[in-house]
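No hydrogens, no waters, no symmetry mates; every other heavy atom, side chains included, goes into these values. Numbers for residues simply follow the sequence, beginning at 1. Read the numbers this way: they start at 1 and go in the same order the structure lists the ligands and their atoms.
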Amino acid sequence: MVIETRKPEETYELGRKMGGEAGPGQIVCLSGDLGVGKTVFTQGFAAGLGIEGPVNSPTFTILQQYEDGRLPLYHFDVYRIGDVSEMDEIGYEDCFFGDGVCLIEWPGLIEEILPEKVTWVTIEKDLEKGFDYRRISVENVMVNHRVYGHMEAPLGIHSRRKAAAFIEDIKSGKSSPLKNITSNYHYHTVSAESEEILDEIEEMLRAKGFLIEAV
Ligand code: ADP
Ligand code: MG
């Protein structure tokens with residue numbers, strides 16, 4: 001599902017709606033660059049859970065916990081995490097596998113410990129459509145699962161330059177390999193020229209434990 005918003009209130013409202021529908025044990029991964037609206041979304045999400053207190057980005061604490069809503073909310077912002085082991089120190093497993101709802105900003109940085117089933121929300125700007133425009137995709141995905149493809153370029157990658165940037169983002173942990181691949185992990189080819197890039201992407205996905213099968 002893709003939602004386009006044109007002001008912060010609309011992103012807040014999407015969050016509020018999803019918070020209202022959230023169930024125990026749900027994990028929402030929230031990816032997107034700095035300043036794109038992850039915290040705005042989170043504030044709406046918290047309101048949807050009936051949380052009243054102020055909700056801010058827990059950038060300096062990694063985890064912020066809210067207990068006054070319909071379900072506990074565990075808000076992670078792992079932007080400044082040095083090593084995944086810091087998540088153990090926080091006791092993340094009690095949050096991920098408990099009865100509350102987890103919201104994780106910068107999930108790509110801790111992808112190796114994400115549970116298999118997550119809701120992946122990606123917020124992106126498109127300056128050509130205005131400063132306040134946001135494209136928000138919401139997908140239920142299986143992390144560390146099978147990726148099906150055939151020998152061309154992944155969906156969503158329209159040029160060699162974009163594909164190269166995609167590879168760099170995955171390498172640096174800024175982007176999830178799932179981000180530019182459709183929710184059921186199918187990707188398709190556009191040209192023979194992109195084969196070399198595709199090989200590199202496949203190698204990287206394999207290194208991250210994804211299984212790739214031709215379709
Ligand atoms: P992040 O947590 O992703 O770093 P924030 O939520 O803190 O980003 O900030 C997003 C900024 O973008 C806010 O200043 C907000 O007012 C502004 N903004 C403008 N348009 C939108 C929109 N459509 N959706 C969300 N935020 C928007
Ligand atoms: Mg934030």
Side-chain angles (χ1 to χ4, degrees), residues 1-22 26-69 71-84 86-87 90 92 95-96 100-111 113-114 118-141 143 156 165-166 168-170 172-180:
M1 162 173 86
V2 172
I3 298 99
E4 297 177 294
T5 68
R6 291 175 195 279
K7 47 184 176 188
E9 292 78 11
E10 292 174 12
T11 300
Y12 180 96
E13 188 50 33
L14 173 66
R16 205 181 58 82
K17 189 165 166 287
M18 285 179 62
E21 291 166 358
Q26 190 175 358
I27 311 263
V28 179
C29 292
L30 201 47
S31 67
D33 291 339
L34 267 183
V36 86
K38 297 183 296 299
T39 297
V40 169
F41 175 92
T42 301
Q43 288 166 340
F45 195 92
L49 280 167
I51 291 159
E52 292 190 352
V55 174
N56 295 306
S57 220
T59 294
F60 295 101
T61 53
I62 297 187
L63 171 63
Q64 202 79 49
Q65 208 164 314
Y66 302 91
E67 300 283 357
D68 64 317
L71 297 166
L73 173 65
Y74 306 106
H75 180 201
F76 293 86
D77 185 333
V78 301
Y79 185 63
R80 282 173 212 278
I81 202 162
D83 190 274
V84 174
E86 288 173 42
M87 291 293 283
I90 296 167
Y92 80 92
C95 307
F96 280 19
V101 183
C102 292
L103 228 153
I104 308 167
E105 300 192 38
W106 300 96
L109 299 176
I110 55 160
E111 194 159 284
I113 59 163
L114 290 177
V118 303
T119 303
W120 202 285
V121 177
T122 306
I123 311 181
E124 290 167 303
K125 291 186 186 180
D126 183 346
L127 292 176
E128 282 177 15
K129 295 189 176 170
F131 193 66
D132 291 345
Y133 172 89
R134 301 290 189 273
R135 180 186 188 275
I136 306 175
S137 72
V138 180
E139 297 170 305
N140 290 315
V141 301
V143 178
F166 176 51
E168 281 314 307
D169 280 354
I170 293 171
S172 68
K174 285 242 160 69
S175 179
S176 159
L178 294 178
K179 187 179 146 191
N180 284 320

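Because the distance cut-off is set at 2.8 Å, Thr39 qualifies as a neighbour of the Mg ion (ligand 2) through one of its N, O or S atoms.
Scanning the protein heavy atoms around atom 8 (O) of ligand 1, the nearest turns out to be Gly37 N, 3.2 Å. Nearest protein heavy-atom neighbour of atom 15 (C) of ligand 1: Pro8 CG, 4.0 Å. Among all protein heavy atoms, the one lying closest to atom 13 (C) of ligand 1 is Val40 CG2, 4.3 Å.
Here's the thing with Gly35: one of its N/O atoms is less than 3.5 angstrom from an N/O atom of ligand 1. Taking distance alone, with nitrogen or oxygen atoms compared against 3.5 Å, Lys38 approaches ligand 1 more closely than that limit. Taking distance alone, with nitrogen or oxygen atoms compared against 3.5 Å, Phe131 stays at or beyond that limit from ligand 1.
Arg135 places no side-chain N or O within 3.5 Å of a backbone atom of Val2 that could act as its donor or acceptor partner. In this structure a side-chain-to-backbone donor-acceptor pair under 3.5 Å is present from Gln43 to Val55.
For atom 17 (C) of ligand 1, the choice among Lys7, Glu4, Arg134 with the nearest heavy atom turns out to be Arg134.
In this pair, Phe76 and Phe96 present their aromatic rings perpendicular. The plane angle is above 60°, beyond the 30 to 60° band.
For Glu21, the CD atom is densely surrounded, since the number of other residues' heavy atoms within 6.0 Å is greater than 12.
Proximity of Thr11 to ligand 1, defined as any heavy-atom pair under 4.0 Å, is confined to the side chain (atoms from C-beta onward). By the criterion of a heavy-atom distance under 4.0 Å, neither the backbone nor the side chain of Thr42 is placed next to ligand 1.
If you number the atoms of ligand 1 from 1 as listed, the ones under 4.0 Å from a heavy atom of Asp132 come out as 19 (C), 20 (N), 21 (C), 22 (C), 23 (N). Atom numbering of ligand 1 starts at 1 in the shown order; those under 4.0 Å from a heavy atom of Asp33 are 3 (O).
Electrostatic pairing of Glu13 and Lys17 does not count as a salt bridge here, judged by no charged N lying under 4.0 Å from a carboxylate O.
With 3.5 Å as the limit, one finds a donor-acceptor pair spanning the side chains of Tyr133 and Glu4.
Between Tyr92 and Ile104, the closest side-chain pair of non-hydrogen atoms is not below 4.5 Å.
Protein heavy atoms come within 4.0 Å of atom 24 (N) of ligand 1.
For the pair Lys125 and Phe131, the distance from NZ or CZ to the six-membered ring centre is under 6.0 Å and the angle to the ring normal is within 45 degrees.
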